[in-house]
Amino acid sequence: MDLLAALTGPVDAAARALLGCRVAAGGVVIRLTEVEAYSGVGLDAASHAHRGRTPRTEVMFGPPGYAYVYFTYGMHWCLNVVCGPEGQAGAVLLRAGEVVDGVEAARERRRVRDDRDLARGPARLAQALGVDGRATGTSMVDGSGPVSLESPDPAPPPGVAVRCGPRVGVAAEPDREWRFWLAGEPTVSAYRRHVPRPRRGGDNQSPVR
DNA sequence: AGTAGGATAATCT
DNA sequence: GATTATCCTACTG
């Protein structure tokens with residue numbers, strides 16, 4: 001089946017279809033082992049597009065197959081593939097994968113002891129690929145942009161176990177099991193529950209008196 | 001092995 | 001002004 005066709009379907013199905021695919025950018029090729037689905041207005045409170053169109057989320061309302069790269073925690077970029085039919089927001093976060101080509105380039109961008117940590121986590125993956133916000137709005141499926149996405153050459157053998165569970169570090173909708181990964185892959189990142197940060201600095205949360 | 005805290009800036013309320 | 005779809009280092013057992 002066509003990859004773009006799969007991306008046009010429901011985001012959770014699209015997410016599953018993306019496992020095993022190759023993402024290429026900056027001379028590095030990564031085989032995806034872990035992804036998360038985020039869906040549209042109203043349905044999924046964890047989606048950036050949940051509250052509707054904003055300058056940032058505009059891309060998610062466009063056609064599938066385009067890159068949505070957001071900046072978070074003051075220092076990290078995370079790469080998403082826009083999914084679902086045009087007009088209906090949705091995206092799949094590329095969380096982790098195995099570097100299958102361009103290991104040297106990936107090592108150059110990320111200083112790690114173990115190669116398995118090169119793209120184990122969404123910000124690490126984006127960094128290994130050298131992807132940042134400039135890729136937002138470019139196509140990942142027609143070869144015109146800096147990032148490209150392809151199905152594995154021979155289709156993935158059936159019987160490869162796909163696991164699912166709650167999304168990592170997400171505050172909203174902790175029970176939605178929209179994180180998908182390939183069982184037994186060492187490059188899958190560790191699960192962490194969302195931890196609200198204690199208020200820093202001023203303690204005047206509620207003024208005494 | 002597991003947890004705790006800090007870094008640091010865009011985005012939205 | 002609060003919040004954040006993270007990562008790294010340092011500390012504890």
Side-chain angles (χ1 to χ4, degrees), chain A residues 11-12 14-16 18-19 23 30 32-61 66-84 89-97 99 106-107 109-137 147 164-181 186-207:
Chain A
V11 278
D12 53 333
R16 288 174 176 274
L18 282 167
L19 290 172
V23 213
I30 289 173
L32 297 174
T33 57
E34 182 190 0
V35 297
E36 277 174 4
Y38 290 88
S39 172
V41 180
L43 290 174
D44 179 8
S47 171
H48 289 164
H50 178 238
R51 302 195 174 254
R53 288 181 192 251
T54 68
R56 181 172 69 151
T57 62
E58 186 62 34
V59 216
M60 295 177 79
F61 291 84
Y66 283 74
Y68 164 48
V69 187
Y70 69 89
F71 189 66
T72 191
Y73 291 102
M75 63 192 93
H76 299 301
W77 294 101
C78 295
L79 172 62
N80 294 248
V81 188
V82 173
C83 292
V92 172
L93 171 66
L94 307 185
R95 282 199 58 89
V99 175
R107 286 198 193 120
R109 298 193 180 101
R110 292 193 35 75
R111 216 63 203 162
V112 292
R113 291 184 191 80
D114 200 334
D115 279 353
R116 126 194 144 127
D117 292 329
L118 285 172
R120 192 165 73 118
R124 293 164 168 181
L125 182 144
Q127 190 186 5
L129 292 172
V131 165
D132 63 20
R134 290 171 295 181
T136 292
V147 192
C164 70
R167 295 169 289 189
V168 174
V170 176
E173 306 215 14
D175 295 330
R176 193 187 284 272
E177 303 204 324
W178 270 8
R179 171 179 179 237
F180 304 94
W181 66 94
T187 53
V188 173
S189 69
Y191 174 72
R192 303 213 187 294
R193 208 181 80 242
H194 172 77
V195 258
R197 293 249 171 243
R199 315 222 183 288
R200 208 158 36 121
D203 35 308
N204 298 350
Q205 179 63 14
S206 50

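Below, all heavy atoms of this structure are taken into account, side chains as well, without hydrogens, waters or symmetry copies. Within every chain, numbering begins at 1; the chains are lettered A, B, ... in the order of the sequence lines, protein sequences first and strands thereafter.
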Who passes ring-ring contact (aromatic ring centres under 6.0 Å, His included) against Y70(A), sequence neighbours left out? H48(A), Y68(A)
Using side-chain hydrogen bond (donor to acceptor under 3.5 Å, both in side chains) as the criterion, list what pairs up with E177(A), not counting sequence neighbours. none
Under 4.0 angstrom, heavy atoms only, what part of the nucleic acid is R110(A) near: base, sugar-phosphate, or nothing? sugar-phosphate
Where the side chain of R56(A) is concerned, which of dT4(C), dC8(C), dT11(B) is the nearest nucleotide? dT11(B)
May I ask you to say what A171(A) touches in the nucleic acid, namely base, sugar-phosphate or nothing, with a heavy-atom cut-off under 4.0 Å? sugar-phosphate
If pairs are Watson-Crick or G-U with both distances under 3.5 Å, what is the dot-bracket string of DNA chain B, marking crossing pairs with [ ] and pairs to another strand with |? |||||||.||||.
Quick check: do V112(A) and R120(A) have side-chain heavy atoms less than 4.5 Å from each other? no
side-chain hydrogen bond (donor to acceptor under 3.5 Å, both in side chains) filter on T187(A), not counting sequence neighbours, yields T33(A)
Between R95(A) and dT6(C), is there a contact of a side-chain N or O with OP1 or OP2 at under 4.0 Å? yes
Just jot down the salt bridge (Lys or Arg N to Asp or Glu O under 4.0 Å) partners of R134(A), sequence neighbours excluded, or say none. D132(A)
Give me the residues of residues 67-81 of chain A where at least one heavy atom lies under 4.0 Å from an atom of DNA chain C, by number, or none. Y70(A), T72(A), Y73(A), H76(A), N80(A)
Starting at NE2 of H194(A) and ending at P of dA4(B), how long is that distance when rounded to a whole Å? 14 Å
Of the candidate nucleotides dC12(B), dT4(C), dC7(C), which contains the atom at the shortest distance from the side chain of P122(A)? dC7(C)
Nearest-angstrom distance from the residue atom CZ of R193(A) to C1' of dT6(C): 16 Å
Assign V168(A) to base, sugar-phosphate, or nothing according to its heavy-atom contacts below 4.0 angstrom with the strands shown. sugar-phosphate
Could you check how far CZ of R192(A) sits from P of dA4(B), rounded to whole Å? 11 Å
Where the side chain of E36(A) meets the backbone of R95(A), is there a donor-acceptor pair that is under 3.5 Å apart? no
R167(A) CZ to dT6(C) P, in whole Å, measures 11 Å
For a side chain to side chain contact (heavy atoms under 4.5 Å, CB included) check, start with the C-alpha distance between V41(A) and R53(A), then their side-chain angles and the critical distance, and finish with the verdict. CA-CA 9 Å; V41(A) 180; R53(A) 288 181 192 251; over 6 Å; no
Could you check whether the side chain of H48(A) and the base of dA5(C) have a donor-acceptor pair of N or O atoms closer than 3.5 Å, going by distance alone? yes
Compare the minimum distances between each of dC7(C), dA5(C), dT13(B) and the side chain of Y38(A), then state the nucleotide with the smallest one. dA5(C)
Atom pair CZ/CG of R124(A) and L129(A) - distance to nearest 0.5 Å: 14.0 Å
So what does A123(A) hit on the nucleic acid, given a heavy-atom distance under 4.0 Å: a base, only sugar-phosphate, or nothing? sugar-phosphate
Taking CZ from R111(A) and P from dT9(C), how many angstroms apart are they, rounded to a whole number? 13 Å
Between dT3(C) (P) and H50(A) (NE2): distance, integer Å: 18 Å
Test item: R110(A) side-chain N/O and D117(A) main-chain N/O as donor-acceptor pair under 3.5 Å: yes
